[in-house]
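All ligand and atom numbering here is 1-based and tracks the order in the structure. Position 1 is the first residue of the sequence; numbering continues from there.
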Amino acid sequence: MPVNADAGTDTKTEAHSLPINELFYSLQGEGKLAGVPTVFVRTSGCNLRCWFCDSYHTSWEPTHAQMTITEIVKEVESYDANHVVVTGGEPLVHEETNILLDRLSDAGYHTTVETNGTLFRDTAIDLASISPKLASSTPTAERDPKGDGEWAERHEERRIDIDALAKFVDSYETQLKFVVTDESDLEEIETLVSKIRDAADAPIRDTDVLLMPEGATRERLDENRERVAELAMEYGYRYTPRLHVDLWNDAPGT
Ligand SMILES: C[S@@+](CC[C@H](N)C(=O)[O-])C[C@H]1O[C@@H](n2cnc3c(N)ncnc32)[C@H](O)[C@@H]1O
Ligand SMILES: Nc1nc2[nH]cc(C(=O)O)c2c(=O)[nH]1
Ligand code: SF4
Ligand SMILES: [Mg+2]
């Protein structure tokens with residue numbers, strides 16, 4: 001018999017850990033819950049390499065501390081919030097993210113997972129905040145922040161999986177949040193939404209499709225946001241701000 005057999009759920013959580021890049025309290029800056037006080041748990045490691053990634057130290061150059069699930073939940077509980085966002089990096093590359101989400105759900109938290117939608121997991125998610133990656137995210141040699149386009153092919157192959165996206169839509173409350181760099185992204189968004197609608201049983205309302213201006217800094221958002229807002233009106237999709245960037249620019253822990 002295992003020594004910890006009667007230690008309850010802690011047996012599982014003591015044994016499991018996740019690479020954590022940062023854990024902080026802020027306002028949800030994006031999507032349907034924008035403005036809601038929220039604790040953010042940012043895992044490190046990603047299966048994609050968007051050239052514009054605003055979390056460079058979880059993707060291009062991952063850095064992190066290893067924390068047990070128990071330590072993570074304890075730190076989340078030290079803040080006075082009901083909402084938790086699990087993000088990354090790509091949080092769903094880690095099997096242990098399931099255990100974290102189960103624990104947070106058991107503790108009564110509303111859980112949002114920010115994901116690129118390429119890796120489906122059956123777990124405790126209240127809002128799947130999916131940001132499928134468009135062709136304009138691919139790190140071509142000219143746009144590569146680190147090298148000479150070494151990741152372009154892998155990124156391109158992996159960035160869309162219609163079956164995985166349809167499974168998210170059928171399993172969870174979902175928002176599809178597209179990073180818009182240019183007007184030319186809209187054609188791909190229309191095609192993608194139509195393919196996901198065909199593949200999924202659950203409906204996707206136009207108000208579940210969100211256009212988010214590309215911009216990790218205030219300066220960049222100043223250039224992009226008005227054009228993206230106009231595109232949302234033209235196509236009948238929802239616009240989402242990046243409240244945290246408006247408020248705190250690119251400061252870490254916001
Ligand atoms: C850093 S990602 C982590 C979660 C997951 N890997 C994903 O991409 O959805 C969190 C959110 O930031 C968005 N994002 C990343 N860089 C951005 C940028 N430069 N401008 C606007 N949104 C960005 C992503 O699309 C995603 O919605
Ligand atoms: N305030 C704030 N809101 C966010 N919503 C999604 C974020 C993310 O990086 O996934 C994020 C973030 O980094 N900060
Ligand atoms: S999928 Fe998300 S974390 Fe990964 S590189 Fe793209 S924006 Fe960054
Ligand atoms: Mg962010």
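- A donor-acceptor contact closer than 3.5 angstrom is absent between the side chains of N21 and T58.
- A pairwise comparison of heavy atoms in S136 and W51 identifies O-NE1, 2.7 Å as the closest pair.
- Classification of the H110-H83 ring pair by plane angle, with boundaries at 30° and 60°, yields tilted.
- Protein residues with any heavy atom under 4.0 Å from ligand 2: S26, L27, Q28, G29, E30, F40, R42, T87, E114, H244, T254.
- A salt bridge between D106 and R103 is absent, with no side-chain N of the basic residue lying under 4.0 Å from a carboxylate O of the acidic one.
- Ring geometry for F168 against Y172 counts as tilted: the plane angle lies between 30° and 60°, on a 0 to 90° scale.
- The 4.0 Å heavy-atom shell around ligand 1 contains residues E30, F52, C53, D54, S55, T87, G88, G89, E90, E114, T115, N116, S131, K133, K177, V179, M212, P213, E214, G215, A216, R242, ordered by chain and number.
- The existence of a salt bridge linking D208 and R238 is excluded, since no basic side-chain nitrogen approaches an acidic carboxylate oxygen closer than 4.0 Å.
- Exactly one of R225, R220, R218 qualifies for a salt bridge (Lys or Arg N to Asp or Glu O under 4.0 Å) with D222. That residue is R225.
- Only one option out of T38, L247, L33 pairs with L27 in a side chain to side chain contact (heavy atoms under 4.5 Å, CB included); it is L247.
- Under a cut-off of 6.0 angstrom, the local environment of CD in E190 is crowded, with over 12 non-hydrogen atoms contributed by other residues, nucleotides or ligands.
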